[in-house]
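This report concerns only the one structure given below.
Each residue takes its place number in the sequence, starting with 1. Keep in mind that the numbers below use all heavy atoms, side chains included, and drop hydrogens, waters and symmetry copies.
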Amino acid sequence: MRQIRTLLALALLAAASGCASIAPPAARTANDYYGTLEPFAREAVYFVVTDRFVNGDTANDQRDQGTFDLPLAPCNGVAGNIGYLGGDFRGLADNLDYIRGMGFTSVWITPVVDNPDEPFTGGTAPTCGGSLADKGKTGYHGYWGVNFHKLDEHLPSPGLDFRGLADAVHGKGMKLVLDIVGNHGSPAWGMERDQPGFGKLYDKDGKLLADHQNLPPQKLDPARNPLHRFYNNVGPVDGEKYASGNLAQLSDLNENNPAVLDYLAGAYEQWIEQGADAFRIDTIAWMPDAFWQQFTSRIRAKHPGFFMFGEAFDYNAGTIARHTLPGHGETSVLDFPMKQAMEEAFGHKQAGFERLAPALHLTGGPYANPYDLATFYDNHDMPRMDASDAGFIDAHNWLFTARGIPVVYYGSEMGFMRGRPEHGGNRNYFGVEGITAAKASPIRMALSRIAKVREAAPALQRGLQVNVELQGTRAAFYRVYQHAGNAQIALVLLNKGDATARFAIDAMLQAGRWTSALDGEAIEVAAGGKLEASVPAHGVQVYLLDAPVTEPALVAALDAAMAGARLPR
């Protein structure tokens, strides 16, 4: 039986590696095996909407602006809020030990640039299920920049500016990921009056560079009015085309004006110099690929290898993969197709593990490298995952063992506001109360356990993935990292069923002493033998073999996986 399964696995892998458009990387030794050598792939990322995490300094709440605590009508019993709620750098810095203690090694924060100081009076009013409805909203989220060089006044405290936050993060051995915006500024027209800040853009010295003047885009006159030249005058986007108009009432930056590129690149270089370690690029698909290629080239000319991942809200892998390719920006992207699959597998639908297989794109896929993708199951722009505690535990067991860079949205370590959309609780305040509650959550306890396993295992961070079984409630796969004198084979066993699952793995199994990364149990496997293990309900087991790959069937599978994982450069 073992021989039959091995031959079948080899046949399938050989077929997958036969794609003429796929070629192995040029610079590798014959026995190198890795999914990626990208340093940032070691990271596990905790994403916070800074204003909604913890209010560490009430002195910077700016309550005199009339922007603080603006609750919406409840949506199915839970009210959202479109005002500031006080989260700031102090609240984040004071709770880095909480984040680091779960096994996260990076923190992604929402934009820090200066936003308007009033609620927006234009647009349409938010509804429970609606999006892009900004009437009455504030810039608590940071995405409505009016001065991309200036730190918003709601965030710092005396002695704790952006550089101070970066120093605090780095002091915990972590990295700071900064959310950036390139396609738009603040809401720009439809206001009851021309509100200060909205639709305007200022340079690093506070000089007015651009002003929408509360005019709809079609009434802008960039040919005769210099203050209109930073903006497009196409009008609202039609919903099917990217980079072709305004998203809601947001001021649409003109990608064809070189001054726009100069402004954005110059501003964001400043934040790198103050300690940002990576960028998440908001709405990357709303600017042409050529713009992003110029932008990333300029950033990397000064900061070689700087890691960036973009948000292209699309479940089609072929569509979002273009951003990873030369000439199109060469960034990573958030893995929306995997998000969709994870929601179906771990939410109430409870699809089998086979639902995840097509989203992996381990060989012959459209991405420059699937191992560099940022993997997640929900965020601030969509309903949080609606799952049981066990579903969240299962999701994290997959997220921290399968290929990709795991990203977890704040509060998901306790199922916070599960299933809730943007205006119905998705971005609600977490606070010290949330942190206290999360510390007792079984979701957090299980997440911390598997996150720390990943943190200690190079194979789980950057190793090739070779699947043995993805079916129903069971998953088994290898992750293998063998490079620069380091060699580690991980065997991952996942069970999302309600009863204990018994595994007996012999396919491509290498002889040796396999040690559990979770409980230290050692299993001696003889040549031609099996690794037998029980995995509890909604559990995970990871066995490690710190040895070079010698098993012929595994060597053949890894050679095929190595050849087919990355697109030629």
Side-chain angles (χ1 to χ4, degrees), residues 48-75 78-92 109-127 130-158 160-162 165 179 181 184-202 206 208 211-212 214 248-251 282 380-381 410 421-431:
V48 300
V49 176
T50 309
D51 176 74
R52 302 307 169 90
F53 189 56
V54 175
N55 188 349
D57 180 5
T58 57
N60 63 14
D61 288 351
Q62 315 297 336
R63 299 192 185 206
D64 59 333
Q65 294 178 355
T67 58
F68 194 86
D69 192 12
L70 304 174
L72 294 168
C75 296
V78 178
N81 200 296
I82 52 177
Y84 286 87
L85 292 178
D88 47 33
F89 289 169
R90 173 57 61 197
L92 188 56
I109 62 174
T110 40
V112 299
V113 302
D114 195 31
N115 274 231
D117 298 337
E118 298 181 19
F120 181 55
T121 62
T124 56
T127 59
S131 60
L132 302 178
D134 294 332
K135 189 178 183 68
K137 280 187 182 179
T138 65
Y140 71 87
H141 42 65
Y143 293 97
W144 291 355
V146 295
N147 189 332
F148 288 64
H149 291 270
K150 182 181 177 183
L151 184 63
D152 191 271
E153 69 274 14
H154 295 83
L155 298 173
S157 297
L160 189 66
D161 56 7
F162 183 80
L165 175 66
D179 209 321
V181 184
H184 67 78
S186 63
W189 83 93
M191 293 170 272
E192 296 169 359
R193 55 185 171 79
D194 190 7
Q195 296 179 264
F198 285 100
K200 296 172 176 58
L201 206 61
Y202 297 88
L208 183 66
D211 191 348
H212 228 277
N214 202 15
Q249 285 78 37
L250 297 171
S251 50
D282 184 63
H380 59 316
D381 288 328
Y410 81 96
E422 176 186 343
H423 299 136
N426 174 296
R427 305 180 185 181
N428 277 17
Y429 183 71
F430 197 51

ring-ring contact (aromatic ring centres under 6.0 Å, His included) involving Tyr84 - partner list, sequence neighbours excluded = His154
So NZ of Lys137 and CG of Leu70: to nearest 0.5 Å the spacing works out to 12.0 Å
Residues in ring-ring contact (aromatic ring centres under 6.0 Å, His included) with His380, at least two apart?
-> Phe47, Tyr143
Applying side-chain hydrogen bond (donor to acceptor under 3.5 Å, both in side chains), name anything that partners Asn115, two or more places apart in sequence or on another chain.
-> none
Yes or no on side-chain contact (heavy atoms from CB on, under 4.5 Å) for Leu165 and Ile109, after CA distance, side-chain angles and deciding distance?
-> CA-CA 11 Å; Leu165 175 66; Ile109 62 174; 4.0 Å; yes
Can you list every salt bridge (charged side-chain N to carboxylate O under 4.0 Å, His left out) pair that touches residues 56-65, not counting sequence neighbours?
-> Asp61-Arg63
Using salt bridge (charged side-chain N to carboxylate O under 4.0 Å, His left out) as the criterion, list what pairs up with Asp117, not counting sequence neighbours.
-> none
Contacts of type salt bridge (charged side-chain N to carboxylate O under 4.0 Å, His left out), residue Asp114, not counting sequence neighbours | Lys150
Sequence neighbours excluded, which residues qualify as side-chain hydrogen bond (donor to acceptor under 3.5 Å, both in side chains) partners of Gln249?
-> none
Residues in side-chain hydrogen bond (donor to acceptor under 3.5 Å, both in side chains) contact with Arg427, at least two apart in sequence or another chain = Tyr140, Asp381
With sequence neighbours left out, what residues match Phe120 under ring-ring contact (aromatic ring centres under 6.0 Å, His included)?
-> Phe198
Got a sec, which residues hit salt bridge (charged side-chain N to carboxylate O under 4.0 Å, His left out) with Glu118, two or more places apart in sequence or on another chain?
-> Arg193
Gap separating the CG atom of Asp69 from the CG atom of Asn81, nearest 0.5 angstrom | 5.0 Å
Residues at least two apart in sequence or cross-chain that pass side-chain hydrogen bond (donor to acceptor under 3.5 Å, both in side chains) with Thr121, listed by chain then number, are Gln195
Go through the steps to decide whether Val112 and Asp152 satisfy the test side-chain contact (heavy atoms from CB on, under 4.5 Å), and finish with yes or no.
-> CA-CA 6 Å; Val112 299; Asp152 191 271; over 6 Å; no
Hey, could you give me the CG/CG distance between Asp134 and Leu250, rounded to the nearest 0.5 Å?
-> 6.0 Å
Plane angle bin for Phe430 and Phe53 - parallel if under 30°, tilted between 30 and 60°, otherwise perpendicular | parallel
Atom NZ in Lys200, atom CG in Asn214: separation rounded to 0.5 Å?
-> 8.0 Å
Only counting residues at least two apart or in another chain, list the ones meeting salt bridge (charged side-chain N to carboxylate O under 4.0 Å, His left out) with Asp161.
-> none
